[in-house]
Amino acid sequence: MAVHKPNEIPDDGNALRQTALFKQVPRQDADQLLDSMHESTYAKGSTVFRQGDTDHRMYLLEEGRVKLVRQSPDRRIQLLSIHGRGEILGEIPVFDPSGGPRTASAVVMVNKTKVAALDHDALFDWLNQHPKVAVDMLQVLAHRLRTDNERISDLVFLDVPARLAKTLLDLATRFGEPFEQGLMVPYDLTQEELAQLVGASRETVNKALMDFSNRGWISRKGRTIIIFQPGPLIRRSRM
């Protein structure tokens with residue numbers, strides 16, 4: 001795992017400057033905090049932080065993808081979410097006054113994933129000097145809370161095909177790669193993990209995927225899905 005300072009990266013390749021933490025801040029002010037951060041490069045399958053850890057660091061994902069997973073007392077695993085370039089991870093212990101343990105583990109999904117770590121004290125000292133950024137951080141946290149609430153509502157009000165369509169569209173929006181025939185979505189998940197993300201059994205999700213494929217909306221190739229017709233998926237995600 002390689003470690004270096006984030007501000008050693010040229011501006012045109014530094015995703016950290018595009019996150020909510022820095023995008024409203026002049027470069028000279030951002031550099032004050034970047035000097036306090038340490039970037040690490042992880043291999044696929046590595047763990048950035050673990051459920052139950054009591055550290056008070058926040059992480060910014062500069063490159064690659066990370067999944068948040070939670071393990072039950074009987075060792076069952078639940079995939080909670082997937083995060084990509086420019087997103088913030090592990091913010092709960094930083095802003096939780098009780099400083100409780102981490103509620104999930106962050107597992108790296110692709111090789112050469114780059115993550116920058118920021119200590120609680122350095123962040124709050126910097127926020128005291130730049131209170132406008134605190135408002136941006138509140139917006140990030142509010143968006144995260146809205147997403148969680150929406151997912152809970154979907155589990156109650158939407159059937160599995162609708163939730164699957166919505167999940168595929170979300171993955172396509174965030175990680176999709178356009179090509180001549182449609183949109184390629186390399187989600188890099190096992191069938192069980194995709195089912196966890198949808199909130200259903202693997203068998204039920206596979207049945208819905210087959211139905212979408214038979215209708216010509218999508219096709220599957222390994223751990224990649226190609227979306228040919230996003231319109232029908234959008235309509236199905238609202239039913």
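It should be emphasised that the depicted structure is a prediction, and the values quoted were computed from it without experimental measurement.
Every residue two or more places apart in sequence or in another chain that forms a ring pair (Phe, Tyr, Trp, His ring centres under 6.0 Å) with Phe49 is listed here: Tyr59. With sequence neighbours excluded, the residues forming a side chain to side chain donor-acceptor pair (under 3.5 Å) with Ser201 are Thr204, listed by chain and number.
Phe228 and Gln181 make their closest contact through CD2-O, 3.4 Å (heavy atoms, listed as atom of the first residue, atom of the second, distance). Minimum heavy-atom separation, Ser219 to Ser213: CA-OG, 4.4 Å. Taking both residues in full, the closest heavy atoms of Pro101 and Gly52 are given as CB-O, 3.6 Å, listed atom of the first, atom of the second, then distance.
Under the 4.0 Å criterion applied to side-chain N and carboxylate O atoms, Asp159 and Arg163 are not assigned as salt-bridge partners. Checked for salt-bridge contact, Arg57 and Glu91 miss the test: no charged N lies under 4.0 Å from a carboxylate O. Using a 4.0 Å cut-off between a side-chain N of Lys or Arg and a carboxylate O of Asp or Glu, Glu150 and Lys166 qualify as a salt bridge. Between Asp211 and Arg215 a salt bridge is recorded (basic side-chain N to carboxylate O distance below 4.0 Å).
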>> Could you go through Leu89 and Leu60, starting from their C-alpha distance and side-chain angles, then the distance that decides it, and tell me whether this counts as side-chain contact (heavy atoms from CB on, under 4.5 Å)?
In response: CA-CA 6 Å; Leu89 302 170; Leu60 285 80; over 6 Å; no

>> For a side-chain contact (heavy atoms from CB on, under 4.5 Å) check, start with the C-alpha distance between Leu183 and Glu177, then their side-chain angles and the critical distance, and finish with the verdict.
In response: CA-CA 6 Å; Leu183 196 62; Glu177 302 170 3; 5.7 Å; no

> Checking side-chain contact (heavy atoms from CB on, under 4.5 Å) for the pair Thr47/Tyr42: CA distance, chi angles, key distance, verdict?
Replying inline: CA-CA 8 Å; Thr47 302; Tyr42 294 86; over 6 Å; no

>> Evaluate Arg102 against Gln51 for side-chain contact (heavy atoms from CB on, under 4.5 Å), listing each step before the verdict.
In response: CA-CA 5 Å; Arg102 295 198 177 276; Gln51 180 178 336; 5.6 Å; no

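Taking 4.5 Å as the limit, every side-chain heavy atom of Thr190 sits out of range of all side-chain heavy atoms of Leu194. Within the 4.5 Å cutoff, no side-chain heavy atoms of Gln78 are placed close to those of Val69. A 4.5 Å side-chain heavy-atom check between Pro230 and Trp217 finds every atom pair outside the cut-off. Residues Ile227 and Val185 meet the side-chain proximity criterion, which asks for heavy atoms closer than 4.5 Å. Residues Val66 and Thr113 form a side-chain contact, since some pair of their non-hydrogen atoms from C-beta on lies under 4.5 Å apart. Within the 4.5 Å cutoff, no side-chain heavy atoms of Val110 are placed close to those of Lys44. Taking the side chain as every heavy atom from C-beta outward, Phe179 and Ile226 approach each other to under 4.5 Å. For the pair Leu68/Thr103, no side-chain contact is recorded, criterion being any heavy-atom separation below 4.5 Å from C-beta on.
The cluster map of Ile, Leu, Val, Met, Phe, Trp and Tyr, joined by side-chain heavy atoms under 4.5 Å apart, puts Leu127 and Ile88 in the same cluster. In the hydrophobic cluster analysis, where Ile, Leu, Val, Met, Phe, Trp and Tyr join through side-chain heavy atoms closer than 4.5 angstrom, Phe124 is grouped together with Met58. Following chains of ILVMFWY side-chain contacts shorter than 4.5 Å, one cannot reach Leu158 starting from Ile152, and the two form parts of different hydrophobic clusters. Grouping the Ile, Leu, Val, Met, Phe, Trp and Tyr side chains by contacts below 4.5 angstrom, directly or via other members, places Val198 with Ile234. By the criterion of side-chain heavy atoms lying less than 4.5 angstrom apart, applied directly or through intervening Ile, Leu, Val, Met, Phe, Trp or Tyr residues, Met184 is not grouped with Leu164; the two fall into different hydrophobic clusters.
Here Glu63 contributes atom CD and Thr41 contributes atom OG1; the two are 10.0 Å apart, rounded to the nearest 0.5 Å. In this structure, the separation between CG on Leu168 and OG on Ser237 is 10.0 Å, given to the nearest 0.5 Å. Distance check: Glu193 CD to Ile77 CD1 gives 9.5 Å after rounding to the nearest 0.5 Å. With rounding to the nearest 0.5 Å, the separation of CZ in Arg85 from CZ in Phe175 is 12.5 Å. Rounding to the nearest 0.5 angstrom, the gap separating the NE2 atom in His83 from the CG atom in Leu80 is 8.0 Å. Taken from CE in Met109 to OG in Ser46, the straight-line distance is 13.5 Å, to the nearest 0.5 Å.
Between Ser40 and His38, the side chains place no donor N or O within less than 3.5 Å of an acceptor N or O (distance only, hydrogens not considered).
Of the possible donor and acceptor atoms, one in the side chain of Ser153 sits under 3.5 Å from a partner among the backbone N and O of Asn149. Between the side chain of Arg151 and the main chain of Gly199, no donor-acceptor pair closer than 3.5 Å is present.
The only member of Val107, Ile82, Val108 that meets side chain to side chain contact (heavy atoms under 4.5 Å, CB included) when paired with Arg65 is Ile82.
Within a 6.0 Å sphere centred on CZ of Arg50, other residues, nucleotides and ligands contribute 12 heavy atoms or fewer.
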